[in-house]
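Chain A is the first sequence line, chain B the second, and so forth, proteins listed ahead of strands; every chain is numbered from 1. Below, all heavy atoms of this structure are taken into account, side chains as well, without hydrogens, waters or symmetry copies.
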Amino acid sequence: MPELPEVEVTRRQIARVLVGRRIETVWVASPSYFFVTPPAQLKKVLLGRVVKELGRTGKYLHAELDDASSLVVHLGMTGQWSAAGLSRSDHIQFRLGLDSGTELVFRDVRKFGKVEWVRPGGSSARLARLGPDALEIGLGPFYERLQSRAIPMKSALLDQSILAGVGNIYADEALYQARIVPTRRARDVTRAEAATLLRAIRSILRASIRGGGSTINDYLQPDGELGGFQNWHKVYGKGGAPCPRCKTVLSRVVLGGRSTHFCARCQR
DNA sequence: CTGTACCCCTGCGAGC
DNA sequence: TGCTCGCAGGGGTACA
């Protein structure tokens, strides 16, 4: 499931073929929950545009276009970009034919992803809701945002308005590395603990980006390669297995409706 | 403010 | 073999 690292890996690979190119053909699937902007309109507004820049905030990608509009894309659970010929042909949501001859394909089996066109001078409500990006936020703002909340730390890390980009996998991994139990109330975390946690978040996200992201079920890099970071997971998906630090059997609970993995002995 | 249920959607594994 | 069922999950919304 794409979180910040998978989205960043995608951004880097897609940027290489997309930035500076003109969109010459657009194919769109039928209207669905996926299309925040209706597919017919999307096709019309994208045709002929040149992509100036491809940015990322949290788990969102945003392509800045030459008419000052932008295209905002969220991968959801199963969204994936790929270069021509690499993708299966089912569940494709849209295809962009570029003036370089390259075709970019966006495929999303479950359609939990989102695509939205933002008019020149406009703004996306989805992007506006996001807190600072997890790789950008400083300790001061991070700690302050935790102090006002009584929710469990796991829920705090998943709340994209507090911090954008961390999802279920990296929340569990970061809390484990920082030795903080997922059920701890955010406001009870000390500044020192917040510092340790933020360092853990940064180091894990960066390591995952270097490894090409985590592939659990669906995620593929745009070049078709699997991610590699799943092999470095310490706790995610490992309930019942021994803790790599102390050998205690790892716990799996449901917290805030999300499966949560941790060591009840190492994490306090 | 917080927690919970529910919805979007599809594939997959388990049980019969 | 083939059916049904429960589960997974990012994010939004409704509601207690």
Side-chain angles (χ1 to χ4, degrees), chain A residues 1-11 29-39 56-62 72-81 87-94 106-116 118 123-131 133-134 144-174 182-189 201 205 208 213-220 226-227 230 233 235-240 252-261:
Chain A
M1 38 233 84
E3 303 181 24
L4 186 153
E6 292 75 31
V7 178
E8 177 61 18
V9 169
T10 297
R11 187 193 70 77
S30 305
S32 73
Y33 202 76
F34 171 80
F35 289 97
V36 177
T37 299
R56 178 192 61 75
T57 304
K59 304 175 194 173
Y60 285 88
L61 290 175
H62 34 94
V72 176
V73 179
H74 193 288
L75 302 182
M77 290 285 301
T78 54
Q80 50 188 220
W81 285 93
S87 177
R88 287 173 53 165
S89 59
D90 52 345
H91 304 298
I92 289 175
Q93 304 304 322
F94 63 87
F106 188 89
R107 180 170 183 262
D108 187 355
V109 173
R110 296 190 189 174
K111 287 187 269 195
F112 278 12
K114 291 280 177 289
V115 62
E116 178 183 21
V118 180
S123 64
S124 162
R126 291 160 196 283
L127 286 184
R129 260 194 289 272
L130 298 179
D133 187 83
E144 267 177 38
R145 282 160 181 267
L146 297 179
Q147 283 309 289
S148 61
R149 306 299 297 271
I151 56 178
M153 273 308 300
K154 172 66 180 281
S155 304
L157 292 183
L158 292 184
D159 184 339
Q160 303 296 300
S161 70
I162 294 178
L163 176 78
V166 175
N168 211 30
I169 296 172
Y170 300 103
D172 282 4
E173 294 295 325
T183 49
R184 181 99 74 83
R185 285 181 185 276
R187 65 155 72 116
D188 294 338
V189 166
I201 290 170
L205 294 179
S208 182
S214 299
T215 296
I216 301 296
N217 292 314
D218 305 282
Y219 173 73
L220 289 179
L226 299 174
Q230 64 281 1
H233 294 172
V235 291
Y236 183 79
K238 298 190 189 298
R252 179 193 181 278
V253 299
V254 174
L255 214 175
R258 295 287 178 255
S259 64
T260 299
H261 315 77

For A/Lys114 and A/Arg149, find the nucleotide of DNA chain B closest to each by heavy atoms; which residue's nucleotide sits nearer the 5' end?
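Checking each residue's closest nucleotide, the 5'-ward one belongs to A/Arg149.
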[N] OP1/OP2 closer than 4.0 Å to side-chain N/O of [X]:
| X | N | result |
| --- | --- | --- |
| A/His74 | C/dG10 | no |
| A/Arg185 | B/dT2 | no |
| A/Arg187 | B/dC1 | no |

If you measure from NE2 on A/His62 to CZ on A/Arg56, what distance do you get to the nearest 0.5 Å?
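Reported to 0.5 Å precision, the distance equals 8.0 Å.
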Once you round it to whole Å, what is the distance between [atom2] of [N] and [atom1] of [X]?
| X | N | atom1 | atom2 | answer |
| --- | --- | --- | --- | --- |
| A/Glu116 | B/dC8 | CD | P | 21 Å |
| A/Gln160 | C/dG10 | CD | C1' | 8 Å |
| A/Tyr33 | C/dG12 | OH | P | 9 Å |
| A/Lys154 | C/dG9 | NZ | C1' | 11 Å |
| A/Tyr60 | C/dG11 | OH | C1' | 7 Å |
| A/Lys59 | C/dG11 | NZ | P | 4 Å |
| A/Asn168 | C/dG10 | CG | C1' | 10 Å |
| A/His261 | C/dA8 | NE2 | P | 9 Å |

C/dG11 base / A/Arg258 side chain donor-acceptor hit below 3.5 Å:
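Indeed, a donor on one side and an acceptor on the other fall under 3.5 Å apart.
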Measure from the ring centre of A/Phe112 to the centre of the six-membered ring in the base of C/dG11, then say whether that distance is under 5.5 Å and the planes meet at under 30°.
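Answer is no, no stack.
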Have a look at [X] and say if it touches a base, only the backbone sugar-phosphate, or nothing, with a 4.0 Å heavy-atom cut-off.
| X | answer |
| --- | --- |
| A/Arg107 | nothing |
| A/Ser259 | sugar-phosphate |
| A/Tyr236 | sugar-phosphate |

Listed nucleotide nearest any side-chain atom of [X], set [options]:
| X | options | value |
| --- | --- | --- |
| A/Arg110 | B/dG3, B/dC9, C/dG12 | B/dC9 |
| A/Lys111 | C/dG12, B/dT10, C/dA8 | B/dT10 |
| A/His91 | B/dT10, C/dA8, C/dG12 | B/dT10 |

I'd like to know if the side chain of A/Thr78 reaches the main chain of A/Arg110, judged simply by a donor and an acceptor atom lying under 3.5 Å from each other, with no hydrogens or angles considered.
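Confirmed, A/Thr78 side chain pairs with A/Arg110 backbone.
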Taking the side chain as every heavy atom from C-beta outward, state whether A/Val115 and A/Phe34 have any atom pair closer than 4.5 Å.
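They are in side-chain contact.
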Will you find, in the side chains of A/Glu116 and A/Thr37, an N or O donor that is under 3.5 Å from an N or O acceptor?
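Result is no, nothing qualifies.
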Any idea which heavy atoms bring A/Leu255 and A/Ser155 closest together, and the distance?
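Heavy atoms only, the tightest pair is CD2-OG, 3.9 Å.
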